[in-house]
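One structure below.
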Amino acid sequence: MHTADSLFRPDLLARYSTNGPRYTSYPTALQFREDFDHADYLRAAADPGAAQTDLSLYFHIPFCDTVCFYCGCNKVATKNRARARPYLERLKRELALQAACFNTSRGVSQLHWGGGTPTFLSDDEMAELMAATREHFTLLPDTQAEISIEVDPREASPRTIEHLRALGFNRISLGVQDFDPAVQRAINRIQPFELTQSVMDAARANRFHSISVDLIYGLPHQTVESFERTLDTMIDLAPDRLSVFGYAHMPQRFKMQRQMDPATLPSPAQRIAILQRVVQRLTEAGYVYIGMDHFALPTDELARAQAQRTLHRNFQGYSTRAQCDLIGFGASSIGKVGDVYAQNETDLQGYAAAIDAGRLAIRRGLRLSADDRLRRDIIVQLMCNLELRFDEFEAAYGIRFADAFAPELSRLRAFENDGLVSIGSRKLEVNVAGRMLVRNVAMVFDRYLEADTSQRFSRTV
Ligand code: SF4
């Protein structure tokens, strides 16, 4: 295990901090094209060569009862619970439409409900959606499948958690962000500690395989001391995984962020100081830094997968399921099938119009070129396994790595001089001091990055 001091280098973090993609995909969604040919998706879905590949299903439930001011997700704020019903009916139709494109004897080893707020649906509606999913697809048994859901503790009682487990969910991810009441007021997310605690207790009592929690640093009124109190409270609750994201203030893009007074946001230096305390406290408490804001107990499957070099990354973040084809359901969801990315209509009207017309709701997408595939593989290896073994790429892609990526390796010499990476004749390794800046290393291999990424991507630190 690394000490916080070796992992956390404030001088390097300050120097390398820039705006960059989170690489839940490469190329990123910015490259998706409106003139994307849907036939590419259908061909990839029907590819007999994928018969042995598992499926992963993602369902986007966009509704939220109230809006958190920091949020950059695709969501619909409404208190009208009746809006869930027509959306659910369309998801069921979409399940049938997508199932008709795939060999549905392929096992589903990963399923995720995200949002928005998935538990905006009533218990009966959630049961209906899961039953429809099982009708059209083959979900693998509990021990072989990662069935996960994002839960807002304000929208879930212990009974809801019990219900979710009975429906087959076995991993749960809770939005918390910060326990401090002043911060909660400023972000319009009032969530008493007891609510979070009762949902976590219920998840344990119902034997969820993994409990994950999201926190955010860089929010209004946060200080090192206040966030340390949140961290200590959370460490006592002992989730298996923690994601501690840096808040990205982009009020030009996300209107609700204008509700927060920028003068109350921590300065860049305070953000780094808070992050330093995050790394210190969590590593002292026994969490392993996985990368990209993620920490996990050594017993958690993400930490074990990283140790075994089998960690992967997809649109939901880090994953232990490597080779799944991903089918997205609901407005704005993104699928990845073979070498094709496809994103649904992002607004509810467009989504409804497509499904009501009896067609898939795909709006835009991308078929990856050979160069995209190679660079995707490089970026996944860097983000997940923190090294590139050149011979693996040479065998898989018929290249000589040092020749094919001479300009990139030359740019990385500056990183090497700063101690972030080590470049040998056979591999490139991300050093401990470079782990928190792995996004910057990956960006060197991104063919699409433009000079000005300031309003499109979040800060790397
Ligand atoms: S953070 Fe979650 S609950 Fe809050 S508005 Fe965004 S999607 Fe809704």
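Below, each value reflects all heavy atoms present in this structure, side chains not excepted, and no hydrogens, waters or symmetry copies. Order of appearance sets the numbers: ligands from 1, and atoms from 1 within every ligand.
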Is there a donor-acceptor pair under 3.5 Å between the side chain of D240 and the backbone N or O of I211?
-> yes
For S109 and Q144, does a side-chain donor sit closer than 3.5 Å to a side-chain acceptor?
-> no
Quick one: sort the Y26 and Y448 rings into parallel, tilted or perpendicular, breaks at 30° and 60°.
-> tilted
Everything protein-side that's N, O or S and under 2.8 Å from atom 4 (Fe) of ligand 1: list it, residue and atom.
-> C68 SG
With a cut-off of under 6.0 Å to the ring centre and 45° to the axis, is R81 in cation-pi contact with F120?
-> yes
Does the side chain of E94 pick up a donor-acceptor pair with the side chain of Y351 at under 3.5 Å?
-> yes
Using the six-membered ring wherever Trp is involved, compare the ring planes of Y341 and F32 and label them parallel, tilted or perpendicular (cut-offs 30° and 60°).
-> tilted
